[in-house]
J.: 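Quick one: the structure is below, and I'll ask about it shortly.
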Amino acid sequence: MAARVGAPAPAPTARPGITLPNQTLYINNLNDKISKQVLRSELYVLCSQFGGVLDVVALKTGKMRGQAFVVFQQLTAASVALQKLQGFEFYGKPMRTAFCRTKSDVIAKEDGTFVPKQKRKTESHVPAYKQPNKKQMVESQAEAQPEGDQDMQEETNQPINKILFLERLPDEINVEMLQTLFKQFPGLAEVRMVPGKTGIAFVEFESDAQAATARDTLQGFKLTPTNTLRITYAKKN
DNA sequence: AGCACA
């Protein structure tokens with residue numbers, strides 16, 4: 001019963017005001033005098049410099065005006081765009097960028113988690129972006145129980161560690177991109193790549209729990225159509 | 001301020 005002076009224990013995940021990385025960028029404070037068509041195409045070209053854009057959704061109806069959703073093909077692109085476009089002067093107003101709270105339909109349709117209209121609001125309290133994607137689950141389970149390969153098992157059964165081991169990275173990726181990607185999670189300490197070794201990297205957090213959050217969110221993420229991120233805990237020395 | 005997609 002010791003007095004707790006204004007220090008509410010924060011839940012490790014999903015704190016209010018903090019949105020986890022999402023492939024879709026949420027933009028607001030947009031000039032609502034711009035037509036939907038112009039807004040869509042202008043945002044499309046503006047955002048394409050950071051990577052492939054799958055869709056731009058802009059509604060002018062009611063509470064949705066002045067906002068837009070830009071769906072990126074890759075999370076890294078959304079991440080970079082979020083930072084580079086923060087406060088960007090667009091038709092006379094600085095845009096505000098954030099990660100979208102939910103998964104876009106285009107993405108959900110792609111990974112098989114799409115739920116048609118009605119059931120949405122009623123069903124789950126867990127936002128779509130936090131729900132595991134079926135393909136990814138199948139994949140990681142297949143990897144967690146490899147048929148007969150003991151080396152694999154040793155690798156995946158590492159105890160929790162504040163250092164993450166990343167595999168299947170695209171060749172084009174670099175430390176900056178990984179920092180951008182992981183900086184969104186609290187507690188990032190360092191990103192290391194290994195000279196001469198492509199496809200892998202180490203990402204260190206300040207605590208095991210912080211590393212675990214990042215791992216859970218980004219596990220199985222499609223960095224490119226052919227690079228599905230794989231994250232395990234690094235071996236302890 | 002406001003987190004949609006039919």
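Chain letters run A, B, ... following the sequence lines, proteins first and then strands; every chain starts at 1.
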J.: Between P on dC3(B) and CG on Asp55(A), what's the gap in Å once rounded to a whole number?
T.: 19 Å
J.: Please state how far atom CG in Asn22(A) lies from atom P in dC5(B), giving the value in whole angstrom units.
T.: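 After rounding, the gap between these two atoms is 16 Å.
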J.: Can we say Arg40(A) and Glu42(A) salt-bridge, meaning some charged N sits less than 4.0 Å from an Asp/Glu carboxylate O?
T.: no
J.: Given Arg65(A) and Asp32(A), is the salt bridge (Lys or Arg N to Asp or Glu O under 4.0 Å) satisfied, shown in steps?
T.: CA-CA 6 Å; Arg65(A) 64 204 215 306; Asp32(A) 57 10; 3.8 Å; yes
J.: Around atom NZ of Lys93(A), are there more than 12 heavy atoms of other residues, nucleotides or ligands at under 6.0 Å?
T.: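 Enclosed: over 12 neighbouring heavy atoms sit under 6.0 Å from NZ of Lys93(A).
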J.: May I have the distance from Met64(A) (atom CE) to dC3(B) (atom P), rounded to whole angstrom?
T.: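 Going from CE in Met64(A) over to P in dC3(B) covers 5 Å.
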J.: How many whole angstroms separate atom CD of Gln23(A) from atom P of dA4(B)?
T.: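 Spelled out: CD on Gln23(A) to P on dA4(B) is 18 Å.
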J.: Choosing from dC3(B), dC5(B), dG2(B), which nucleotide comes nearest the side chain of Val57(A)?
T.: dC5(B)
J.: Is Asn29(A) touching bases, backbone alone, or none of the nucleic acid, heavy atoms closer than 4.0 Å?
T.: base
J.: Taking OH from Tyr26(A) and P from dG2(B), how many angstroms apart are they, rounded to a whole number?
T.: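 Answer to the nearest Å: 7 Å.
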J.: Which of the following nucleotides, dC5(B), dC3(B), dA1(B), is nearest to the side chain of Phe69(A)?
T.: dC3(B)
J.: Whole angstroms only, please: what is the CD-C1' distance between Gln67(A) and dC5(B)?
T.: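 Those two atoms, CD and C1', are 14 Å apart.
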J.: Just the rounded figure in Å: distance from P of dA4(B) to CG of Leu25(A).
T.: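 It is 16 Å, rounded to the nearest whole Å.
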J.: So is Lys109(A) actually on top of Phe114(A)'s ring, under 6.0 Å and inside 45° of the axis?
T.: yes
J.: Rounded to the Å, how far apart are Arg65(A) CZ and dC5(B) C1'?
T.: 19 Å
J.: Could you tell me whether the phosphate oxygens of dC5(B), OP1 or OP2, come under 4.0 Å of any side-chain nitrogen or oxygen in Lys109(A)?
T.: no
